[in-house]
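This report concerns only the one structure given below.
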2 protein chains.
Amino acid sequence: MPTRTRTEWSIQEVARLTGVTSRTLRHYDAVGLLPPSRVGDNGYRWYDALTLVRLQRVLVLRGLGLPLPAIARALDDEQDTLAALRDHLSRLRTEQERLTRRAASVERTITTLEEGGRLMAEDMFDGFDHTQYKEEVTERWGEDAYASGDRWWRGMSPAEQQVWQERAARLATDWAEAAARGVEPASDEAQALAQRHADWLSGIPGTPGHGTGRPAKEYLVGLGEMYVADERFAKTYGGTEGATFVRDALRVYADSM
Amino acid sequence: MPTRTRTEWSIQEVARLTGVTSRTLRHYDAVGLLPPSRVGDNGYRWYDALTLVRLQRVLVLRGLGLPLPAIARALDDEQDTLAALRDHLSRLRTEQERLTRRAASVERTITTLEEGGRLMAEDMFDGFDHTQYKEEVTERWGEDAYASGDRWWRGMSPAEQQVWQERAARLATDWAEAAARGVEPASDEAQALAQRHADWLSGIPGTPGHGTGRPAKEYLVGLGEMYVADERFAKTYGGTEGATFVRDALRVYADSM
DNA sequence: CCTTGAGCTTGACGTAGCGTCAACTCGTAG
DNA sequence: CTACGAGTTGACGCTACGTCAAGCTCAAGG
């Protein structure tokens, strides 16, 4: 007489059958993803063949990396499965790009360190943004502005200078990263960056508006145009698109001042 | 008179300077990553230029994706920075591969579903492993074994059959995945898989040892050899390397029975 | 009938890196 | 004196469970 096929399995049996832990099964019950087909008077969980089929599907989707809530939605409506997978795939692609960029950054940093460089943000400025270009500054905002900024810069200790440099560098990379992500110039995030940019500028003596706690409106707008027009600045903000994004964000910010 | 450069900043000022939130700074203090240079009698945190330099480095490394404990170690010993980055880079590469494979799986699954397929583990068996090949089974373990397995299979409902199919499929993918990760055949993980494999086999009538709760030793070893020798089975476990891994793990398991 | 032991139950904490209240205190300007 | 902005210390939330801990259930053995 052949062994009759079971119609119900205990939680441990299911665990051994599928290779998951009983803790996981209890978790799936707790979050409503996979309630047992029957719960005994003693609280024991029992699973039937249909429930196991559902579990298999859960495990397939989990293996593809979908979060549990997405799995729940996908299973409750077969229609949603494809949509969920497509959505998931696009997120995977995004994540892939991020990883690739990050790995490249780490590699560059390693190379820099190996060559005796110090640990600092990528694409560091040699000095501090526009103020490093004497002719640019004097031409646009006068001799006094440059002299004043230069004196201020020389008056700082190396540690203080480094703080300023890194601050400028991080601001630049944050701009570039936001631009790469396609953030809107008028968004809260971009405006927060513009705010930081203005704060940063207002700390530099010689800046039009310095002492008022914030730079002059037309100074901000003019700077934005310069970032776009001048290769050297555009590079800092991630090329022409990046600089354009910065300019637009700064203009919006200036308009709301 | 030019503005004197500050020598100390409050937590909010630092937050604005660097673009992080004050909550983050408190967190870094709490975990010992970046204690303020001074704490007032009132509990206020104050940061000086040197502390800010350390913060910059923290942010650079964080931007590269290092976990906070690794950042702490790297900063406390400059020597460790390079090692930490190289270590991190290798993890990034591994993660990249995983993502690539995962994305490919999702794509295949989407394609399968679009073509009207059902949601199941990849590389599904048409039937259930070796028992699907009549001549193989009868030649090696006799006519009765096949007939008995076949009757058992036909006697199940479609839902029950699907449970069995998926169970076999997941076991196979778990084997293949472990093999790809370079798991040792004698490791706990591989032996747990062997255990699952034995459990699975022992549920099939006709299996030598069926009824005793576990398959016969020489049956397990023989199966392992067959997986390696026969293309059709090797493919199931991820090619020749995968099948070899399964065979070795099964042999170790059988020896310890 | 009692004990053992395997199997089951329900909590509850830990994980990484903060975001987000909540409830208070501090310090300065009006 | 009071309001308000800035600071403080908790403490919970998030993802998907792993890992005890304490106690109940059930079938087998003495």
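First the proteins, then the strands, lettered A, B, ... as listed; each starts at 1.
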With Arg62(A), the side-chain contact (heavy atoms from CB on, under 4.5 Å) member among Val60(A), Leu64(A), Leu59(A): Leu59(A)

Ile11(B) CD1 - dG5(D) P separation (whole Å): 19 Å

Smallest heavy-atom separation, Gly40(A) atom then Trp46(A) atom, equals N-CD1, 4.1 Å

Would you kindly give the CG-to-P distance between Leu55(B) and dC18(C), to the nearest whole Å? 11 Å

Side-chain N or O of Thr24(A) versus OP1/OP2 of dA16(D): is the shortest distance under 4.0 Å? no

OP1 or OP2 of dC17(D) versus the side-chain N and O atoms of Thr21(A): is any pair under 4.0 Å? no

Using side-chain hydrogen bond (donor to acceptor under 3.5 Å, both in side chains) as the criterion, point out the one residue from Gln195(B), His197(B), Gln191(B) that pairs with Tyr253(B). Gln195(B)

Base, sugar-phosphate or nothing for Ser22(A)? Non-hydrogen atoms, less than 4.0 Å. nothing

Between Arg93(A) and Glu107(B), does any side-chain N to carboxylate O distance fall below 4.0 Å? yes

With Arg45(B) as reference, evaluate Thr51(B), Val14(B), Leu25(B), Asp29(B) under the side-chain contact (heavy atoms from CB on, under 4.5 Å) test and give the passing residue. Asp29(B)

Using a cutoff of under 3.5 Å, can you pull out all pairs of nitrogen or oxygen atoms linking the protein to nucleotides 20-23 of chain C, with atom names and distances?
from    : atom 1 : to       : atom 2 : distance (Å)
dT20(C) : O4     : Arg23(B) : NE     : 2.8

Contact check, residues 91-99 of chain A vs DNA chain C, heavy-atom distance under 4.0 Å, returns none

To the nearest Å, how far apart are Glu13(A) CD and dC26(D) C1'? 14 Å

Could you check how far CG of Leu66(A) sits from P of dC17(D), rounded to whole Å? 13 Å

Salt bridge or not between Arg54(A) and Asp76(A)? Use side-chain N to carboxylate O under 4.0 Å. yes

Lys/Arg-Asp/Glu bridge criterion (N-O < 4.0 Å) met for Asp174(B), Arg170(B): yes

Check whether any side-chain nitrogen or oxygen of Arg62(B) sits under 4.0 Å from OP1 or OP2 of dG17(C), and answer yes or no. no

Gln56(A) and Thr18(A): side-chain donor and acceptor closer than 3.5 Å? no

Are the charged groups of Glu13(B) and Arg16(B) less than 4.0 angstrom apart, N to O? no

Taking atom CG of Leu50(B) and atom CG of Leu55(B), what is their separation to the nearest 0.5 Å? 12.5 Å

Ser10(A) side chain near dG7(C) phosphate (N/O to OP1/OP2, under 4.0 Å): no

Protein-nucleotide distance (Leu25(B), atom CG; dT9(D), atom C1'), rounded to Å: 16 Å

Contacting residues from residues 26-53 of chain A, given that a heavy atom lies under 4.0 angstrom of DNA chain D: His27(A), Tyr28(A), Asn42(A), Tyr44(A)

Salt-bridge criterion met for Arg91(A) and Glu95(A) (N-O under 4.0 Å): no

